[in-house]
Structure formats: C-alpha cells, structure tokens
Amino acid sequence: MSVEETLNPLFKKIQELKPQFIQRLADAVAIKSVSGDETLRPEVVKMGYFLKSELEKLGAYDIQMKDLGIQPPPVDNPKLNLPPVVLSRIGNDPAKKTVLIYGHYDVQPAGIEDGWDTEPFELVVKEDEDKLVGRGSTDDKGPVMGWLNVLQAHKELGLELPVNIITCFEGMEESGSIGLDDLIAQEAETYFKGVDAVCISDNYWLGTKKPVLTYGLRGCNYYQIIINGPGADLHSGIFGGVIHEPMTDLVNVLSKLVDVNGNILIPGVNEMVAKVTPEESKLYDDIDFDVTELNLASGSDTAIYQSKKEILMHRWRFPSLSIHGVEGAFSGAGAKTVIPAKVSGKFSIRTVPDMDSAKLDKLVLDFVNAEFAKLNSKNTIHAELIHDGDYWVSDPFNESFTAASKATELVWGVKPDLTREGGSIPISLTFEKQLKTSVLLLPMGRGNDGAHSINEKVNISNYIEGTKTLGAYLHYFGASQK
Ligand SMILES: C[C@H](N)C(=O)N[C@@H](Cc1c[nH]cn1)C(=O)O
Ligand SMILES: [Zn+2]
Ligand SMILES: [Zn+2]
C-alpha cells in the first residue's frame, strides 16, 4: 500500500474525532501552566501529569516524569522545584526509525486585565471564525495535543505507527528550558538512544495562507537590571527632587541600549554578527511575504522596514533588543504620586550566528554598569542574566525535511516555504549536538496567532489539518529506508 493510501483512512478518522480533539485542547488550556509565575508552579506540574495520563490512555509506556531538581537563582522562592519532563515511548521495533517529539506544556502569563476579549484559560470555540482562542492554543498546547491526536487516531483505527516515538515534553520552555540541557546529555545514550530525527512543532507559519518548514531559530539571552534606592516607596511631593530615584536611573540606563529604529547601541554586539552572503540574500526572493502581512499580524502600521527582505532579515538573521517591562514600578490605573524604592528592568537580546553568548553577556553587563556609573547616582545597581538559549540553523534538505515537505503538500496542496524563525526554542541545538541527529521544525499555527499576546488563537483548520500533517510526516519519514 502506498503512503497516500494508508493516510486516507487516517485523515478521515482525524476529521471524525475533531470534537474530541477540541475538548482535549480545552482541557489543556484550562490548566494555568505559566512557568514564569512561581505561584503557578503547581499548575505547571498538574499539566505535566495531565500529559502523563493522556499518554497512558493512548498506549505509551516507560513513562518517566523526570525530576530536574530545584530552580536555580534568580528566583524568589529558593526551594522552588522545576516541573517534570515527560518522557514516554510508543513502539520499540528495531526495524523502524525512531522520531523524538519535543514540545512544551508551559505557557506565557495571561490575564483578562491585559486586554483579552475572553478568559485566557477558557478555550473559546468560534466555529464561524474558524478559531480556538485561549492561552497556549498555538504555543504550544495546540501542537502538543496534535501529537496526542495522531496517537489516538492510530489507536482507534488499529493502524500501526510507522515509526517508534519518544516524547519529550517540558514545562520550562517559556522560561529558558532550565535543566533540560543536562537531562538530554544524561539520556543521550539511554532513553534517547537510537533517535533518527527530532521533530518540533512549536513555531508558526510566516503569514496566514502558506505552510512553512523552519530550519533556523534565533537564540535569546534575557537580562534584568535591579536598581535599589530608598528604604521604602516614598511620597514624591516630599522626596521628589531631593533623592536619587531608582526609576529615573533605570529609564536612563534602558534608553542607552537600543534606539527607536531597533539598532542595538551596545558596542561590540553588532560586530559579532555573520555577514550576509550573496547566496543567502537570494534565498529571501522566493518567500511569500510582504509588509501588509506584518501589519495585519501586529495589528498596526508600525513597521520599521517596508521591504520583504529587510523585514525577514531583521526577524531571522540580525539580533534585536526588546525592553519587556519594569517590576516594582507603579503600573495601575490612576495617578499615584509614588517614588518606587526598588525597580527591576527586564530586557532580552535575540541572538544570531556568529554571536558568542558568554561574550555577549560580558559586553551587555559591563555596558549597563558603565552607563549607570556615568549617572553618579547614589542608588545601587545589580545587572544579571536570567536565562539564555542558543540560536540554531540547519540543513532544510535532509530526509526529515523531505518527509515533512511531502506531508505538507499532501494536506495543504502546496509546497511549503522554507523559513527561519525570529523566536527561540533553546533546546533545538542541544538535541542536534547531543543526539547527533537532525532537528525539524514543523509548525501548526499561523503568523497572526498572537503567541505571547492577547487573544492567542489557533485556527480550527490549522489544528485539524496540522494534526493530519504531523501524522503524515511520521508516515513519509517511516517509509524511507532506515
Ligand atoms: C518559538 C517558541 N514557541 C517560543 O515562544 N519560544 C520562546 C522561548 C523563550 C522564552 N525566553 C527565552 N526564550 C520565545 O521565543 O520567546
Ligand atoms: Zn513555544
Ligand atoms: Zn512561547
């Protein structure tokens, strides 16, 4: 039987199970597994156990909830446990290839007060708009549920899986994948032995119409600057103008990092970036994208660059520095006349080839301290790295990419574009290095899904056709010679 003949009943079954698949995603979204919020750590752990129970029902075995120990500083609670990594196996046939599926079950923070139209942790099904709205729907609970859906469809059909599967689902991706590097190194020759390919579904199409396969990611080094001043928050009418204010110092230092056009101002950073070659420059010509797609996805007309090539290069292959927020500052409604006593500014740099992470940290932290010294403030500063993760670029023409390309074309009726991703999945490079195998990024969602933003969604069609694509990928990859 050809792969396509095998896939016909599988696709039919996936279609038939759509209501159950949507319910599975709703159950997952209802768990507030925000890794960046220490108070929600029990919810992250609960989400890990939700996956364990689903995997058990679907026939996975040797399920191990890997304990990664205590979360290292900086952290408020010095005894905070990291959430478990969920390892499991489905199939162990030496004649078949083995695919390691990685995904993350933690999500970014979300609250209705951020501007969501609906409760972020209640999945809203909008059939008329083809949307499933809720935190994690596209990043990354939708795709993780997609893999479970594939297992369920095979089980219900009594259809043999074409490959052996190993799952590796983590709960700290949105917070730097702390602890996972060491686990992968430890398990490279044991649990992960014999892996032929790693497949990750945790990024997005470039636009809204054309599917993509992704062969590169930026890295991310995340920093905080803590400025300490008076012993308590103070009345600005009494102390304003007579003491050094932490917030004023912080704003001054932050303003030296990046200009309004996104240019990084820290000396030495841009010098580390690999030069664009004529061959690389040509790669952008064939990709379907334009500034209107960017404006639609951002919900604004605020693009710095207008040409496709400049936008894509600045998203994929040049670094960027974003200022994310200030902890400790007044942020409520109204006009509170307070001088915050201690503030912490958070910013990150997306890294690209050939930037050296340790060298970058030194450049950044030395620069921040030097700029603060220039202020002659009597407040104190502490600048530090919170977490980091490497960039990754791979060969998009290997067997695994070829299988994914065939699967995408079969489901979507169009050859996927080959793209890089501006976001980060810190563990991709570790898998490649430690398991000495290739990594494929096979995204499910669209470029306008609003990952990390308000009203995050995945289109129902992407969730269902995406599930078919993941299943088809396994069959095409399993069909080629071991
Ligand atoms: C692309 C992926 N779905 C994602 O959102 N990754 C995060 C990971 C992260 C968080 N801090 C540092 N890296 C991202 O790119 O922000
Ligand atoms: Zn993600
Ligand atoms: Zn994310």
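Note that the numbering runs from 1 along the sequence shown for the chain. Please read these numbers as outputs of a predicted model, since none were measured by experiment. Counting starts at 1 for both ligands and their atoms, in listed order.
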field: From R350, H104, E173, H324 - option closest to atom 14 (C) of ligand 1 by heavy atom
entry: R350

field: atom 4 (C) of ligand 1: nearest protein contact (heavy atom, Å)
entry: S424 O, 3.5 Å

task: Do me a favour and list the nearest non-hydrogen protein atom to atom 12 (C) of ligand 1 with residue, atom name and distance?
output: H387 CE1, 3.2 Å

- prompt: With a cut-off of under 6.0 Å to the ring centre and 45° to the axis, is R350 in cation-pi contact with Y391?
  reply: no

task: Using the salt bridge (charged side-chain N to carboxylate O under 4.0 Å, His left out) rule, pick out the option among D286, D290, D285 that qualifies with K309.
output: D285

- prompt: Is the Y222 ring parallel, tilted or perpendicular to the H387 ring (thresholds 30°, 60°)?
  reply: tilted

- prompt: What protein N/O/S atoms lie closer than 2.8 Å to the Zn ion (ligand 3)?
  reply: D139 OD2, E174 OE1, E174 OE2, H452 NE2

Ligand 1 contact by [X], heavy-atom criterion under 4.0 angstrom:
X	value
D139	yes
H452	yes
D202	yes

- request: Please name all residues satisfying side chain to side chain donor-acceptor pair (under 3.5 Å) with Q71, sequence neighbours left out, ordered by chain then number.
  value: R41

Are [X] and [Y] side-chain neighbours, meaning at least one heavy-atom pair lies under 4.5 Å?
X	Y	value
L68	E170	no
F372	I227	yes
F192	C168	yes

- request: For this output row, return yes or no: ring centroids of F431 and W392 closer than 6.0 angstrom.
  value: no

- prompt: Does an N or O from S175, backbone or side chain, lie closer than 3.5 Å to an N or O of ligand 1?
  reply: no

query: Going through the distances and angles, do S348 and S322 end up as a side chain to side chain donor-acceptor pair (under 3.5 Å)?
result: CA-CA 6 Å; S348 73; S322 300; 5.3 Å; no

Sequence neighbours excluded and cut-off under 3.5 Å, please list the side-chain donor-acceptor pairs for residues 204-212, or say none.
{"from": "Y204", "atom 1": "OH", "to": "D139", "atom 2": "OD2", "distance (Å)": "3.2"}
{"from": "K210", "atom 1": "NZ", "to": "D417", "atom 2": "OD1", "distance (Å)": "3.0"}

statement: Logged contact type for E174 with ligand 1, heavy-atom cut-off 4.0 Å, is both

statement: In ligand 1, the atoms that come under 4.0 Å of a heavy atom of G423 are 15 (O)

query: Looking at C220, which atoms of ligand 1 are within less than 4.0 Å of one of its heavy atoms?
result: 12 (C), 13 (N)

- request: Quick one: which residue pairs count as a side chain to side chain donor-acceptor pair (under 3.5 Å) with a foot in residues 258-272, not counting sequence neighbours?
  value: D259-N263

